[in-house]
Amino acid sequence: MNKVRKAIIPAAGLGTRFLPITKAVPKPMLPVLDKPTIQYITEELTEVGIEEIIIVVSPNSGVIENHFGIAENLEKRLLEDGKQKLYDIALNTRKFNVKFAVQTVANGLAGAILCAEPFIKDEPFALLLGDELLCAEKGQTPCIKKLVDIFEKTGKSVIATMEVFGDQVSMYGNIGYDKEENGIMQVNQIVEKPSVNDALSNNAIIGRYVIAGGVMEKLKKLTPRNNEIYFTDVLDELAMKGELLASGFEGNRYDVGDKAGYIKANVEMALKSGEIGQEIKEYILDLANRI
Ligand code: UTP
């Protein structure tokens, strides 16, 4: 059966690029404007028909569970004070069917995915990395929706890619492909962060995937390198068997796990905000004249 009912969001990394804030605050709780990044990612899933979201967290990430749970005193107070709009905003964070899996040792992405196995078993799942935001504009198909549609039509695992050039090529997983039809590529090989000369194409893997059922067993069989198992090894295995597709996406991608990407996401969201957008626009124009 090709229906995608579940999604995994691995969000248990150490977030060392954001120290010292990530010493006590989990990276997925860093806000872009007024929302934690993890909420943007759960919102990407609202129109996709996902029934259950499994967030993989590090130990001591109770604050993420609190964010998606009931805040009894706050909700009661907002209602008593007649602050319906703020009440709705607080309530909105409770509409997701979220489950949590704890990754006790941050041993990489494959390890995080395996932590979600009790919820997934051998079902297909959507996989959304916790430190990338994909924002579709009005009229565009959200990236994860596009991947789910492709999977449900073909039954093959599918990954999102973006075009990269020059040195950027070496910062991402890279795909080789046989043929492309209607923007969908038949992947035949994956290389992790290749040198510019070793790159197979200009297509870099980004953090959105739909993975066919049975992958957990494949992950368990992988041979570790440097004490870690690598998710790209499974993707490469699927690619070599002709069981992996790739597709570009519409909209903007923000790498919020990186300081510059995080600031860009905040600036762009602020510009789009009805509340402060005009003020920030005037500020940026004025600032541009001064720097
Ligand atoms: P990153 O490679 O960005 O690592 O993880 P990180 O630990 O979050 O950040 P830095 O590099 O130390 O600053 C990519 C995604 O995979 C998740 C992260 O939470 C992030 O969403 N991840 C990574 C896990 O869930 N577990 C891990 O063991 C590693």
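Whatever order the structure lists ligands and atoms in, that order sets their numbers, starting from 1.
Of all the heavy atoms in Val48 and Glu44, the pair that sits closest is CG2-O, 3.6 Å.
For ligand 1, the atoms closer than 4.0 angstrom to any heavy atom of Gly130 are 21 (O). The ligand atoms of ligand 1 that sit less than 4.0 angstrom from a heavy atom of Ala11 are 19 (O), 25 (O). Shown in contact with Ala106 at under 4.0 Å from a heavy atom are these atoms of ligand 1, numbered in order with element: 28 (O). Numbered from 1 in the order shown, with element, the atoms of ligand 1 that lie under 4.0 Å from a heavy atom of Asn107 read 28 (O). Counting atoms of ligand 1 from 1 in the listed order, those under 4.0 Å from a heavy atom of Ala112 are 24 (C), 25 (O), 26 (N).
For Gly257, the closest heavy-atom approach to ligand 1 does not fall below 4.0 Å.
With salt bridges taken as basic N to acidic carboxylate O contacts below 4.0 Å, one links Glu80 and Lys76. A salt bridge does not link Glu217 to Lys221: none of the charged side-chain nitrogens sits closer than 4.0 Å to a carboxylate oxygen. Checked for salt-bridge contact, Lys145 and Asp149 meet the test: a charged N lies under 4.0 Å from a carboxylate O.
Atom 25 (O) of ligand 1 has its closest protein heavy atom at Ala12 N, 2.9 Å. Among protein heavy atoms, atom 7 (O) of ligand 1 sits closest to Leu14 N, 2.8 Å. Nearest non-hydrogen protein atom to atom 17 (C) of ligand 1 is Pro10 O, 3.7 Å. In terms of protein heavy-atom proximity, atom 9 (O) of ligand 1 is nearest to Lys27 NZ, 3.3 Å. When hydrogens are left out, the protein atom nearest atom 2 (O) of ligand 1 is Arg17 NH2, 4.5 Å; that is the closest non-hydrogen contact. The protein atom (non-hydrogen) at minimum distance from atom 14 (C) of ligand 1 is Asp131 OD2, 3.5 Å. Closest protein heavy atom to atom 26 (N) of ligand 1: Gln103 OE1, 2.7 Å.
For the side-chain hydrogen bond (donor to acceptor under 3.5 Å, both in side chains) test with Glu51, the passing option among Lys6, Arg5, Lys3 is Arg5; the others fail.
Taking all heavy atoms of Asp255, Ile9, Asp258, Thr16 into account, the minimum distance to atom 10 (P) of ligand 1 is reached by Thr16. Here the shortest heavy-atom distance to atom 24 (C) of ligand 1, taken over Gly111, Gly108, Gly13, belongs to Gly13.
Ligand 1 has an N or O atom lying under 3.5 Å from an N or O atom of Gly15, backbone or side chain.
Rounding to the nearest 0.5 Å gives a distance of 5.0 Å between NZ of Lys27 and CZ of Arg17. Between atom SG of residue Cys135 and atom CD of residue Glu268 there is a gap of 8.5 Å, rounded to the nearest 0.5 Å.
Side chains of Ile53 and Leu45 form a contact here, defined as non-hydrogen atoms less than 4.5 Å apart. The closest side-chain heavy-atom distance from Leu134 to Ile144 is not below 4.5 Å.
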Ring pair (Phe, Tyr, Trp, His ring centres under 6.0 Å), that's the test. Do Tyr40 and Tyr254 meet it? Break it down for me. CA-CA 11 Å; Tyr40 286 91; Tyr254 302 102; 9.0 Å; no
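For Glu47, the CD atom sits in a loose shell: 12 or fewer heavy atoms of surrounding residues, nucleotides or ligands are nearer than 6.0 Å.
Residue contacts with ligand 1, taken as heavy atom pairs separated by less than 4.0 Å, do not involve Val56 at all.
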